[in-house]
Amino acid sequence: MIVFENVSKTYETGTPALNGINLRIEKGEFVFIVGNSGSGKSTLIKLLLKELEPSSGRIYVNNKQLNRMRRRQIPKYRRGLGVVFQDFRLLKDRNVYENIAFAQRVIGTPARIIRRQVPAMLSLVGLAEKYKSYPKQLSGGEQQRVALARALVNNPAILLADEPTGNLDPKNSWEIMRLLEEINKRGTTVLVVTHNQEIVDAMKKRVITMHKGLITSDEKKSGYRQ
Amino acid sequence: MRFNTIIYCLKQGIKNIFRNKLFSLASISTMAACIFLFGLFYSIVMNIQYMIDEAQDAICVTVFFEPGTSETRISVIGEQIALRPEVASVEYTSADEAWESFKEVYFEGNEEYARAFMGDNPLANHSSYAIYMKDASLQENLVEYLETIPDIRKINKSDLTANSFADFGILVGYVSGAIILILLAVAVFLISNTVSVGITVRREEISIMKLIGATDFFVKAPFLVEGILIGLLGAAIPLAVIYYLYGNVVGYILDKFSILNSIMVFLPVEQVFHSLLPVGLVLGVGIGFLGSSATTRKHLRV
(Lines give C-alpha, C1' and ligand atoms only; values in the text may rest on other atoms or scores of the structure.)
Protein backbone atom coordinates (compact mmCIF):
# COMPACT_ATOMS: atom_id res chain seq x y z
CA MET A 1 0.00 0.00 0.00
CA ILE A 2 2.77 2.49 0.94
CA VAL A 3 6.25 1.91 -0.46
CA PHE A 4 9.37 4.07 -0.11
CA GLU A 5 12.21 3.02 -2.43
CA ASN A 6 15.57 4.51 -1.58
CA VAL A 7 13.98 7.90 -0.82
CA SER A 8 16.21 10.84 0.08
CA LYS A 9 15.23 14.40 0.81
CA THR A 10 17.55 17.36 1.18
CA TYR A 11 16.02 20.79 1.77
CA GLU A 12 16.99 23.79 -0.33
CA THR A 13 19.05 25.06 2.61
CA GLY A 14 21.22 21.97 2.20
CA THR A 15 19.87 20.27 5.34
CA PRO A 16 19.49 16.52 4.77
CA ALA A 17 16.19 15.12 6.15
CA LEU A 18 15.94 11.60 4.74
CA ASN A 19 18.80 9.49 3.55
CA GLY A 20 17.89 6.55 1.30
CA ILE A 21 14.78 5.31 3.14
CA ASN A 22 13.29 1.92 2.18
CA LEU A 23 9.92 1.13 3.72
CA ARG A 24 6.83 -0.93 3.03
CA ILE A 25 3.52 -0.57 4.88
CA GLU A 26 0.69 -2.96 4.02
CA LYS A 27 -2.98 -2.16 3.79
CA GLY A 28 -4.71 -2.12 7.20
CA GLU A 29 -1.51 -1.83 9.25
CA PHE A 30 -1.14 0.34 12.37
CA VAL A 31 2.37 1.83 12.44
CA PHE A 32 4.13 4.12 14.88
CA ILE A 33 6.98 6.24 13.57
CA VAL A 34 9.20 7.40 16.40
CA GLY A 35 12.45 9.27 16.71
CA ASN A 36 14.04 12.44 18.03
CA SER A 37 13.40 15.89 16.58
CA GLY A 38 15.12 16.20 13.21
CA SER A 39 15.07 12.45 12.62
CA GLY A 40 12.93 12.87 9.47
CA LYS A 41 9.50 11.74 10.77
CA SER A 42 7.58 14.85 9.71
CA THR A 43 9.39 14.98 6.35
CA LEU A 44 8.14 11.46 5.72
CA ILE A 45 4.53 12.55 6.41
CA LYS A 46 4.94 15.64 4.19
CA LEU A 47 6.25 13.49 1.36
CA LEU A 48 3.18 11.26 1.69
CA LEU A 49 0.93 14.33 1.62
CA LYS A 50 2.70 15.60 -1.53
CA GLU A 51 3.60 18.79 0.33
CA LEU A 52 7.23 18.01 -0.51
CA GLU A 53 8.97 16.24 -3.38
CA PRO A 54 11.77 13.74 -2.69
CA SER A 55 15.26 14.68 -3.90
CA SER A 56 15.68 11.11 -5.13
CA GLY A 57 14.00 7.71 -4.92
CA ARG A 58 10.41 6.65 -5.51
CA ILE A 59 7.27 6.67 -3.36
CA TYR A 60 4.23 4.51 -4.18
CA VAL A 61 0.82 4.81 -2.53
CA ASN A 62 -1.86 2.35 -3.67
CA ASN A 63 0.38 1.44 -6.63
CA LYS A 64 0.57 5.06 -7.79
CA GLN A 65 4.00 6.62 -8.03
CA LEU A 66 3.81 10.02 -6.32
CA ASN A 67 6.83 11.42 -8.20
CA ARG A 68 4.99 11.04 -11.49
CA MET A 69 1.73 12.49 -10.24
CA ARG A 70 0.65 15.65 -12.08
CA ARG A 71 -0.27 18.78 -10.17
CA ARG A 72 -3.92 18.58 -11.06
CA GLN A 73 -4.06 14.97 -9.78
CA ILE A 74 -2.90 15.94 -6.28
CA PRO A 75 -6.34 16.98 -4.87
CA LYS A 76 -7.87 13.65 -5.87
CA TYR A 77 -4.93 11.77 -4.33
CA ARG A 78 -5.21 13.71 -1.06
CA ARG A 79 -8.90 12.80 -0.78
CA GLY A 80 -7.76 9.26 -0.12
CA LEU A 81 -5.75 10.41 2.90
CA GLY A 82 -6.94 11.61 6.29
CA VAL A 83 -4.59 13.85 8.23
CA VAL A 84 -4.44 14.92 11.88
CA PHE A 85 -1.96 17.41 13.34
CA GLN A 86 -0.64 18.19 16.79
CA ASP A 87 -2.22 21.67 16.73
CA PHE A 88 -5.61 20.35 15.49
CA ARG A 89 -5.90 22.99 12.73
CA LEU A 90 -9.62 23.57 13.15
CA LEU A 91 -11.39 26.59 11.66
CA LYS A 92 -11.96 28.84 14.64
CA ASP A 93 -14.89 30.74 13.14
CA ARG A 94 -16.95 27.59 12.50
CA ASN A 95 -18.62 25.22 14.91
CA VAL A 96 -17.92 21.52 15.27
CA TYR A 97 -20.53 20.48 12.70
CA GLU A 98 -19.25 23.01 10.14
CA ASN A 99 -15.62 22.00 10.67
CA ILE A 100 -16.44 18.41 9.77
CA ALA A 101 -18.88 19.30 6.98
CA PHE A 102 -16.20 21.58 5.53
CA ALA A 103 -14.09 18.53 4.61
CA GLN A 104 -16.99 17.18 2.58
CA ARG A 105 -17.99 20.50 1.00
CA VAL A 106 -14.44 20.97 -0.22
CA ILE A 107 -14.69 17.82 -2.32
CA GLY A 108 -18.21 18.60 -3.54
CA THR A 109 -20.16 16.03 -1.49
CA PRO A 110 -23.94 16.52 -1.92
CA ALA A 111 -25.66 18.26 1.01
CA ARG A 112 -27.93 15.29 1.81
CA ILE A 113 -24.88 13.02 2.29
CA ILE A 114 -23.19 15.65 4.46
CA ARG A 115 -26.31 15.82 6.65
CA ARG A 116 -26.16 12.05 7.11
CA GLN A 117 -22.44 11.47 7.53
CA VAL A 118 -21.40 14.34 9.81
CA PRO A 119 -23.66 13.27 12.73
CA ALA A 120 -22.47 9.67 12.29
CA MET A 121 -18.85 10.80 12.50
CA LEU A 122 -19.60 12.96 15.54
CA SER A 123 -21.11 9.91 17.26
CA LEU A 124 -18.00 7.88 16.43
CA VAL A 125 -15.72 10.39 18.18
CA GLY A 126 -18.21 10.92 21.02
CA LEU A 127 -19.08 14.55 20.33
CA ALA A 128 -22.67 14.24 19.12
CA GLU A 129 -23.86 16.58 21.86
CA LYS A 130 -21.34 19.28 21.09
CA TYR A 131 -21.97 19.79 17.38
CA LYS A 132 -22.85 23.47 17.91
CA SER A 133 -19.75 24.29 19.99
CA TYR A 134 -16.89 26.35 18.62
CA PRO A 135 -13.27 25.12 18.92
CA LYS A 136 -12.39 27.57 21.71
CA GLN A 137 -15.26 26.12 23.79
CA LEU A 138 -13.72 22.62 23.61
CA SER A 139 -10.87 20.98 25.52
CA GLY A 140 -7.71 19.95 23.66
CA GLY A 141 -8.86 16.32 23.57
CA GLU A 142 -12.25 17.30 22.17
CA GLN A 143 -10.63 19.49 19.52
CA GLN A 144 -8.41 16.62 18.46
CA ARG A 145 -11.46 14.37 18.22
CA VAL A 146 -13.12 16.93 15.93
CA ALA A 147 -9.94 16.96 13.83
CA LEU A 148 -10.07 13.16 13.74
CA ALA A 149 -13.74 13.19 12.67
CA ARG A 150 -12.84 15.68 9.92
CA ALA A 151 -9.99 13.45 8.75
CA LEU A 152 -12.24 10.39 8.63
CA VAL A 153 -15.47 11.79 7.25
CA ASN A 154 -14.41 11.21 3.65
CA ASN A 155 -13.59 7.58 4.49
CA PRO A 156 -9.85 7.69 3.63
CA ALA A 157 -7.86 4.53 3.06
CA ILE A 158 -4.89 5.94 4.98
CA LEU A 159 -4.84 8.09 8.12
CA LEU A 160 -1.70 10.12 8.82
CA ALA A 161 -1.43 11.46 12.38
CA ASP A 162 1.48 13.82 13.08
CA GLU A 163 1.98 13.99 16.87
CA PRO A 164 -1.79 13.68 17.53
CA THR A 165 -1.29 13.56 21.31
CA GLY A 166 1.47 16.17 21.47
CA ASN A 167 -0.80 18.81 23.05
CA LEU A 168 -2.95 16.48 25.16
CA ASP A 169 -2.89 15.20 28.76
CA PRO A 170 -2.50 11.42 29.30
CA LYS A 171 -6.25 10.75 29.66
CA ASN A 172 -7.11 12.54 26.40
CA SER A 173 -4.08 11.00 24.70
CA TRP A 174 -5.39 7.52 25.48
CA GLU A 175 -8.86 8.41 24.23
CA ILE A 176 -7.40 9.52 20.91
CA MET A 177 -5.25 6.40 20.63
CA ARG A 178 -8.25 4.17 21.36
CA LEU A 179 -10.13 5.96 18.59
CA LEU A 180 -7.23 5.47 16.19
CA GLU A 181 -7.16 1.78 17.06
CA GLU A 182 -10.91 1.52 16.48
CA ILE A 183 -10.53 3.23 13.10
CA ASN A 184 -7.69 0.85 12.21
CA LYS A 185 -9.88 -2.15 13.08
CA ARG A 186 -12.39 -0.89 10.52
CA GLY A 187 -9.72 -1.28 7.81
CA THR A 188 -8.02 2.10 7.62
CA THR A 189 -4.22 2.06 7.47
CA VAL A 190 -2.95 4.27 10.33
CA LEU A 191 0.47 5.96 10.53
CA VAL A 192 1.16 7.76 13.79
CA VAL A 193 4.20 9.95 14.29
CA THR A 194 4.74 10.37 18.02
CA HIS A 195 7.12 11.01 20.90
CA ASN A 196 4.82 9.36 23.43
CA GLN A 197 6.85 6.42 24.72
CA GLU A 198 4.22 5.18 27.18
CA ILE A 199 1.58 4.82 24.45
CA VAL A 200 3.95 3.18 21.97
CA ASP A 201 5.13 0.69 24.56
CA ALA A 202 1.62 -0.16 25.68
CA MET A 203 -0.04 -0.59 22.28
CA LYS A 204 2.37 -3.19 20.91
CA LYS A 205 2.15 -2.17 17.25
CA ARG A 206 4.70 -2.03 14.48
CA VAL A 207 7.26 0.62 15.41
CA ILE A 208 9.61 2.29 12.94
CA THR A 209 12.41 4.17 14.63
CA MET A 210 14.20 6.95 12.77
CA HIS A 211 17.46 8.73 13.50
CA LYS A 212 19.14 11.43 11.39
CA GLY A 213 17.13 10.56 8.27
CA LEU A 214 17.65 6.81 8.51
CA ILE A 215 15.43 3.93 9.70
CA THR A 216 17.35 2.42 12.58
CA SER A 217 14.78 -0.22 13.52
CA ASP A 218 11.50 -1.59 12.19
CA GLU A 219 9.80 -4.17 14.44
CA LYS A 220 6.31 -5.58 14.76
CA LYS A 221 4.54 -5.64 18.17
CA SER A 222 7.38 -3.59 19.55
CA GLY A 223 7.98 -0.70 21.95
CA TYR A 224 9.72 2.68 21.90
CA ARG A 225 13.45 2.65 21.09
CA GLN A 226 15.78 5.62 21.15
CA MET B 1 -19.08 21.15 -10.89
CA ARG B 2 -21.95 20.45 -8.52
CA PHE B 3 -24.65 23.04 -7.92
CA ASN B 4 -24.04 23.11 -4.15
CA THR B 5 -20.31 23.71 -4.79
CA ILE B 6 -21.20 26.75 -6.91
CA ILE B 7 -23.52 28.01 -4.16
CA TYR B 8 -20.79 27.39 -1.57
CA CYS B 9 -18.23 29.39 -3.58
CA LEU B 10 -20.71 32.24 -4.09
CA LYS B 11 -21.53 32.34 -0.37
CA GLN B 12 -17.86 32.31 0.57
CA GLY B 13 -17.15 35.10 -1.92
CA ILE B 14 -19.87 37.26 -0.36
CA LYS B 15 -18.63 36.41 3.14
CA ASN B 16 -15.10 37.43 2.12
CA ILE B 17 -16.37 40.92 1.27
CA PHE B 18 -17.86 41.29 4.75
CA ARG B 19 -14.85 39.71 6.47
CA ASN B 20 -12.60 42.51 5.18
CA LYS B 21 -15.19 45.27 5.33
CA LEU B 22 -12.75 48.18 5.27
CA PHE B 23 -10.63 46.87 2.41
CA SER B 24 -13.73 45.91 0.44
CA LEU B 25 -15.19 49.36 0.99
CA ALA B 26 -11.93 51.01 -0.11
CA SER B 27 -11.85 48.85 -3.25
CA ILE B 28 -15.49 49.47 -4.11
CA SER B 29 -15.04 53.22 -3.55
CA THR B 30 -11.94 53.42 -5.74
CA MET B 31 -13.57 51.28 -8.36
CA ALA B 32 -16.67 53.48 -8.21
CA ALA B 33 -14.52 56.61 -8.60
CA CYS B 34 -12.77 55.07 -11.61
CA ILE B 35 -15.96 53.96 -13.30
CA PHE B 36 -17.60 57.31 -12.49
CA LEU B 37 -14.76 59.17 -14.20
CA PHE B 38 -14.80 56.65 -17.00
CA GLY B 39 -18.55 57.18 -17.41
CA LEU B 40 -18.08 60.93 -17.30
CA PHE B 41 -15.38 60.94 -19.99
CA TYR B 42 -17.30 58.37 -21.98
CA SER B 43 -20.41 60.58 -21.97
CA ILE B 44 -18.36 63.66 -22.87
CA VAL B 45 -16.52 61.86 -25.68
CA MET B 46 -19.77 60.43 -27.02
CA ASN B 47 -21.38 63.86 -27.00
CA ILE B 48 -18.37 65.53 -28.60
CA GLN B 49 -18.27 62.81 -31.22
CA TYR B 50 -21.96 63.33 -31.80
CA MET B 51 -21.51 67.09 -32.17
CA ILE B 52 -18.51 66.54 -34.48
CA ASP B 53 -20.58 64.19 -36.60
CA GLU B 54 -23.40 66.68 -36.72
CA ALA B 55 -21.01 69.50 -37.64
CA GLN B 56 -19.17 67.36 -40.18
CA ASP B 57 -22.43 66.62 -41.88
CA ALA B 58 -22.70 70.33 -42.57
CA ILE B 59 -19.14 70.65 -43.90
CA CYS B 60 -18.94 70.38 -47.65
CA VAL B 61 -16.70 71.22 -50.58
CA THR B 62 -18.30 73.22 -53.34
CA VAL B 63 -17.01 73.14 -56.91
CA PHE B 64 -17.81 75.56 -59.74
CA PHE B 65 -17.16 75.04 -63.44
CA GLU B 66 -15.39 76.92 -66.23
CA PRO B 67 -17.72 79.09 -68.35
CA GLY B 68 -19.15 77.13 -71.26
CA THR B 69 -18.88 73.70 -69.63
CA SER B 70 -21.78 71.67 -70.97
CA GLU B 71 -24.47 70.19 -68.75
CA THR B 72 -23.46 66.73 -69.99
CA ARG B 73 -19.86 67.30 -68.96
CA ILE B 74 -20.97 68.61 -65.57
CA SER B 75 -23.13 65.53 -65.10
CA VAL B 76 -20.17 63.21 -65.93
CA ILE B 77 -17.97 65.06 -63.43
CA GLY B 78 -20.74 64.66 -60.81
CA GLU B 79 -20.83 60.92 -61.37
CA GLN B 80 -17.03 60.68 -61.09
CA ILE B 81 -17.05 62.62 -57.82
CA ALA B 82 -19.84 60.49 -56.36
CA LEU B 83 -17.71 57.37 -56.94
CA ARG B 84 -14.87 58.69 -54.74
CA PRO B 85 -14.42 56.81 -51.40
CA GLU B 86 -14.32 60.07 -49.41
CA VAL B 87 -17.71 61.18 -50.67
CA ALA B 88 -20.94 60.61 -48.75
CA SER B 89 -23.27 62.53 -51.08
CA VAL B 90 -23.24 65.06 -53.90
CA GLU B 91 -25.88 67.76 -54.39
CA TYR B 92 -26.15 69.59 -57.70
CA THR B 93 -27.29 73.21 -57.84
CA SER B 94 -27.97 74.52 -61.33
CA ALA B 95 -27.29 78.16 -62.27
CA ASP B 96 -31.02 78.89 -62.20
CA GLU B 97 -31.44 77.33 -58.74
CA ALA B 98 -28.45 79.31 -57.51
CA TRP B 99 -29.97 82.55 -58.80
CA GLU B 100 -33.38 81.74 -57.28
CA SER B 101 -31.79 80.99 -53.97
CA PHE B 102 -29.68 84.16 -54.13
CA LYS B 103 -32.72 86.30 -54.95
CA GLU B 104 -34.65 84.93 -52.01
CA VAL B 105 -31.96 85.98 -49.60
CA TYR B 106 -30.59 89.14 -51.21
CA PHE B 107 -33.78 90.77 -52.45
CA GLU B 108 -36.03 89.80 -49.58
CA GLY B 109 -38.64 92.57 -49.23
CA ASN B 110 -37.40 94.31 -52.41
CA GLU B 111 -38.43 91.75 -54.98
CA GLU B 112 -39.07 94.48 -57.60
CA TYR B 113 -35.29 95.06 -57.94
CA ALA B 114 -34.86 91.44 -58.93
CA ARG B 115 -37.27 91.92 -61.76
CA ALA B 116 -34.67 94.13 -63.42
CA PHE B 117 -32.70 90.97 -64.14
CA MET B 118 -35.66 89.35 -65.87
CA GLY B 119 -34.39 86.94 -68.52
CA ASP B 120 -30.80 87.39 -67.53
CA ASN B 121 -29.10 85.16 -64.93
CA PRO B 122 -26.10 86.94 -63.42
CA LEU B 123 -25.03 83.57 -61.96
CA ALA B 124 -25.14 81.83 -65.33
CA ASN B 125 -21.71 80.28 -64.75
CA HIS B 126 -22.39 79.33 -61.14
CA SER B 127 -23.87 75.86 -61.36
CA SER B 128 -22.14 73.84 -58.66
CA TYR B 129 -21.79 70.60 -56.76
CA ALA B 130 -21.95 70.61 -52.95
CA ILE B 131 -19.92 67.54 -51.95
CA TYR B 132 -20.50 66.08 -48.46
CA MET B 133 -17.80 63.82 -47.03
CA LYS B 134 -17.89 60.69 -44.90
CA ASP B 135 -15.22 62.20 -42.65
CA ALA B 136 -14.07 65.81 -42.48
CA SER B 137 -10.43 64.71 -42.31
CA LEU B 138 -10.72 63.32 -45.85
CA GLN B 139 -11.21 66.78 -47.30
CA GLU B 140 -7.56 67.23 -48.32
CA ASN B 141 -7.59 64.07 -50.43
CA LEU B 142 -10.80 65.05 -52.09
CA VAL B 143 -9.62 68.57 -52.92
CA GLU B 144 -6.38 67.19 -54.40
CA TYR B 145 -8.46 64.98 -56.64
CA LEU B 146 -10.86 67.79 -57.64
CA GLU B 147 -7.94 70.02 -58.61
CA THR B 148 -6.95 67.48 -61.26
CA ILE B 149 -10.30 67.79 -63.07
CA PRO B 150 -9.75 70.29 -65.94
CA ASP B 151 -13.24 71.82 -66.19
CA ILE B 152 -13.45 72.80 -62.54
CA ARG B 153 -12.87 76.53 -62.12
CA LYS B 154 -13.10 76.98 -58.40
CA ILE B 155 -13.13 74.86 -55.28
CA ASN B 156 -14.55 76.24 -52.01
CA LYS B 157 -13.32 74.29 -49.01
CA SER B 158 -13.21 74.79 -45.26
CA ASP B 159 -9.77 73.59 -44.18
CA LEU B 160 -9.70 75.08 -40.74
CA THR B 161 -13.08 73.77 -39.65
CA ALA B 162 -12.51 70.28 -40.94
CA ASN B 163 -9.07 69.79 -39.46
CA SER B 164 -10.00 71.40 -36.16
CA PHE B 165 -12.92 69.06 -35.64
CA ALA B 166 -10.89 66.00 -36.49
CA ASP B 167 -7.93 67.08 -34.32
CA PHE B 168 -10.16 67.99 -31.38
CA GLY B 169 -11.91 64.64 -31.52
CA ILE B 170 -8.57 62.77 -31.56
CA LEU B 171 -7.18 64.91 -28.71
CA VAL B 172 -10.18 64.31 -26.47
CA GLY B 173 -10.00 60.59 -27.26
CA TYR B 174 -6.29 60.33 -26.33
CA VAL B 175 -6.51 62.38 -23.14
CA SER B 176 -9.56 60.56 -21.81
CA GLY B 177 -8.08 57.20 -22.84
CA ALA B 178 -4.89 57.93 -20.90
CA ILE B 179 -6.75 59.09 -17.77
CA ILE B 180 -9.06 56.08 -17.86
CA LEU B 181 -6.12 53.67 -18.27
CA ILE B 182 -4.35 55.13 -15.23
CA LEU B 183 -7.52 54.93 -13.13
CA LEU B 184 -8.20 51.37 -14.18
CA ALA B 185 -4.65 50.34 -13.29
CA VAL B 186 -5.19 51.82 -9.80
CA ALA B 187 -8.46 49.89 -9.50
CA VAL B 188 -6.79 46.60 -10.48
CA PHE B 189 -4.07 47.23 -7.90
CA LEU B 190 -6.57 47.94 -5.12
CA ILE B 191 -8.73 44.91 -5.83
CA SER B 192 -5.62 42.77 -5.95
CA ASN B 193 -4.62 44.22 -2.58
CA THR B 194 -8.02 43.47 -1.04
CA VAL B 195 -7.98 39.89 -2.27
CA SER B 196 -4.41 39.53 -1.08
CA VAL B 197 -5.44 40.60 2.45
CA GLY B 198 -8.32 38.12 2.29
CA ILE B 199 -5.92 35.33 1.37
CA THR B 200 -3.59 36.25 4.24
CA VAL B 201 -6.48 36.28 6.71
CA ARG B 202 -7.64 32.86 5.49
CA ARG B 203 -4.23 31.25 5.03
CA GLU B 204 -4.92 28.60 7.67
CA GLU B 205 -8.26 27.70 6.11
CA ILE B 206 -6.68 27.54 2.66
CA SER B 207 -3.90 25.21 3.84
CA ILE B 208 -6.51 22.92 5.45
CA MET B 209 -8.59 22.96 2.26
CA LYS B 210 -5.56 21.93 0.22
CA LEU B 211 -4.65 19.09 2.57
CA ILE B 212 -8.22 17.80 2.51
CA GLY B 213 -8.09 17.63 -1.27
CA ALA B 214 -9.72 20.82 -2.53
CA THR B 215 -8.97 21.55 -6.17
CA ASP B 216 -7.14 24.77 -7.11
CA PHE B 217 -10.35 26.09 -8.57
CA PHE B 218 -12.33 25.40 -5.40
CA VAL B 219 -9.77 27.33 -3.36
CA LYS B 220 -9.63 30.22 -5.83
CA ALA B 221 -13.32 30.51 -6.69
CA PRO B 222 -14.46 32.44 -3.58
CA PHE B 223 -11.70 35.02 -4.16
CA LEU B 224 -12.65 35.37 -7.82
CA VAL B 225 -16.30 35.82 -6.77
CA GLU B 226 -15.16 38.46 -4.26
CA GLY B 227 -13.22 40.38 -6.92
CA ILE B 228 -16.01 40.16 -9.46
CA LEU B 229 -18.62 41.33 -6.94
CA ILE B 230 -16.44 44.27 -5.90
CA GLY B 231 -16.03 45.16 -9.57
CA LEU B 232 -19.75 44.79 -10.24
CA LEU B 233 -20.76 46.93 -7.25
CA GLY B 234 -18.04 49.45 -8.02
CA ALA B 235 -19.44 49.81 -11.54
CA ALA B 236 -23.19 49.66 -10.83
CA ILE B 237 -23.18 52.44 -8.22
CA PRO B 238 -21.48 55.17 -10.33
CA LEU B 239 -23.45 54.17 -13.44
CA ALA B 240 -26.69 54.69 -11.52
CA VAL B 241 -25.38 58.07 -10.29
CA ILE B 242 -24.39 59.11 -13.82
CA TYR B 243 -27.78 58.02 -15.15
CA TYR B 244 -29.48 60.25 -12.62
CA LEU B 245 -27.09 63.20 -13.03
CA TYR B 246 -26.81 63.21 -16.83
CA GLY B 247 -30.30 64.52 -17.60
CA ASN B 248 -30.07 67.10 -14.82
CA VAL B 249 -26.67 68.40 -15.92
CA VAL B 250 -27.64 68.61 -19.60
CA GLY B 251 -30.90 70.33 -18.66
CA TYR B 252 -29.02 72.76 -16.43
CA ILE B 253 -26.45 73.63 -19.13
CA LEU B 254 -29.09 74.25 -21.77
CA ASP B 255 -31.22 76.19 -19.33
CA LYS B 256 -28.48 78.44 -17.94
CA PHE B 257 -26.59 78.89 -21.20
CA SER B 258 -29.40 79.04 -23.71
CA ILE B 259 -26.99 80.49 -26.29
CA LEU B 260 -25.45 77.00 -26.51
CA ASN B 261 -28.71 75.57 -27.78
CA SER B 262 -27.84 76.51 -31.33
CA ILE B 263 -24.31 75.02 -31.32
CA MET B 264 -24.51 72.11 -28.86
CA VAL B 265 -26.72 69.12 -29.36
CA PHE B 266 -26.62 66.59 -26.51
CA LEU B 267 -27.39 62.91 -26.83
CA PRO B 268 -30.33 61.60 -24.80
CA VAL B 269 -29.29 59.61 -21.70
CA GLU B 270 -30.81 56.39 -23.10
CA GLN B 271 -28.56 56.61 -26.14
CA VAL B 272 -25.45 57.18 -24.02
CA PHE B 273 -26.35 54.29 -21.70
CA HIS B 274 -27.12 51.99 -24.59
CA SER B 275 -23.36 51.46 -24.84
CA LEU B 276 -22.10 52.91 -21.53
CA LEU B 277 -24.06 50.45 -19.35
CA PRO B 278 -22.68 47.22 -20.87
CA VAL B 279 -19.19 48.71 -21.32
CA GLY B 280 -19.13 49.98 -17.71
CA LEU B 281 -20.39 46.74 -16.21
CA VAL B 282 -18.08 44.55 -18.29
CA LEU B 283 -15.20 46.83 -17.35
CA GLY B 284 -16.04 46.56 -13.63
CA VAL B 285 -16.44 42.80 -13.72
CA GLY B 286 -13.35 42.45 -15.92
CA ILE B 287 -11.17 44.51 -13.59
CA GLY B 288 -12.50 42.61 -10.56
CA PHE B 289 -11.74 39.32 -12.25
CA LEU B 290 -8.29 40.45 -13.41
CA GLY B 291 -7.27 41.80 -10.01
CA SER B 292 -8.44 38.73 -8.07
CA SER B 293 -7.29 36.22 -10.65
CA ALA B 294 -3.74 37.60 -10.77
CA THR B 295 -3.54 37.65 -6.97
CA THR B 296 -4.88 34.13 -6.44
CA ARG B 297 -2.50 32.79 -9.08
CA LYS B 298 0.38 34.44 -7.25
CA HIS B 299 -0.56 33.42 -3.69
CA LEU B 300 -2.40 30.12 -4.01
CA ARG B 301 0.07 27.72 -5.57
CA VAL B 302 -0.84 24.31 -4.14
Side-chain angles (χ1 to χ4, degrees), chain A residues 45-46 48-53 61 69-85 87-94 98-115 135 146-162, chain B residues 1-25 194-226 229 292-302:
Chain A
I45 294 285
K46 284 179 179 169
L48 281 173
L49 280 169
K50 277 289 277 182
E51 279 192 286
L52 293 176
E53 293 295 326
V61 176
M69 193 174 280
R70 290 183 181 175
R71 219 177 95 80
R72 60 185 166 81
Q73 294 175 312
I74 295 174
K76 196 178 174 191
Y77 162 71
R78 283 180 178 160
R79 290 172 194 185
L81 306 175
V83 58
V84 175
F85 299 96
D87 55 358
F88 323 130
R89 295 202 194 170
L90 298 177
L91 301 173
K92 293 172 184 65
D93 61 339
R94 292 175 213 195
E98 280 303 319
N99 262 286
I100 300 167
F102 177 69
Q104 295 203 290
R105 291 213 174 91
V106 159
I107 63 167
T109 307
R112 62 190 160 77
I113 295 176
I114 295 176
R115 281 195 293 271
V146 176
L148 201 52
R150 184 182 65 192
L152 295 169
V153 74
N154 291 326
N155 201 22
I158 300 167
L159 180 69
L160 306 173
D162 193 1
Chain B
M1 186 187 280
R2 286 176 187 277
F3 179 70
N4 61 332
T5 305
I6 295 169
I7 296 294
Y8 177 82
C9 292
L10 279 175
K11 274 186 185 171
Q12 289 303 311
I14 294 166
K15 275 186 185 172
N16 282 355
I17 292 176
F18 288 99
R19 274 187 191 132
N20 313 310
K21 280 190 204 82
L22 278 178
F23 279 94
S24 301
L25 203 65
T194 306
V195 170
S196 177
V197 169
I199 289 171
T200 308
V201 169
R202 297 180 61 200
R203 192 157 287 286
E204 177 76 6
E205 183 179 340
I206 290 164
S207 78
I208 294 168
M209 284 166 91
K210 287 176 184 172
L211 288 175
I212 289 169
T215 57
D216 281 7
F217 180 79
F218 189 90
V219 176
K220 286 176 184 177
F223 296 106
L224 297 181
V225 170
E226 180 186 359
L229 285 178
S292 53
S293 157
T295 314
T296 49
R297 199 173 303 138
K298 186 177 162 193
H299 292 286
L300 293 180
R301 293 286 294 180
V302 177

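Because the structure is a prediction, the values reported are computed rather than measured. Proteins come first, then strands; the chains are lettered A, B, ... in the order of their sequence lines, and each starts at number 1.
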Working for salt bridge (Lys or Arg N to Asp or Glu O under 4.0 Å), residues B:E205 and A:K92 = CA-CA 9 Å; B:E205 183 179 340; A:K92 293 172 184 65; over 6 Å; no
With a 4.5 angstrom heavy-atom cut-off, could you sort out which part of A:P156 is near chain B: side chain, backbone, both or neither?
-> neither
Given that the side chain runs from C-beta out, which part of A:Y77 has a heavy atom under 4.5 Å from chain B: side chain, backbone, both or neither?
-> neither
Taking the side chain as every heavy atom from C-beta outward, state whether B:D216 and A:R72 have any atom pair closer than 4.5 Å.
-> no
Heavy atoms, side chains only, cut-off 4.5 Å: are A:E51 and B:K210 in contact?
-> no
Going by an N to O cut-off under 4.0 Å, is there a salt bridge joining A:D93 and B:R19?
-> yes
Shortest non-hydrogen contact from [X] toward [Y]:
X: B:I208; Y: A:R89; answer: CD1-O, 2.8 Å
X: A:F102; Y: B:M209; answer: CZ-CG, 3.0 Å
X: B:I212; Y: A:I107; answer: O-CG2, 4.2 Å

Step through the shown structure and confirm whether more than 12 heavy atoms of other residues, nucleotides or ligands are within 6.0 Å of CD1 on A:I113.
-> yes
CZ of B:F23: more than 12 outside heavy atoms within 6.0 angstrom?
-> no
Looking at OG1 of B:T215 and CZ of A:R78, how far apart are the two atoms once the value is rounded to the nearest 0.5 Å?
-> 12.0 Å
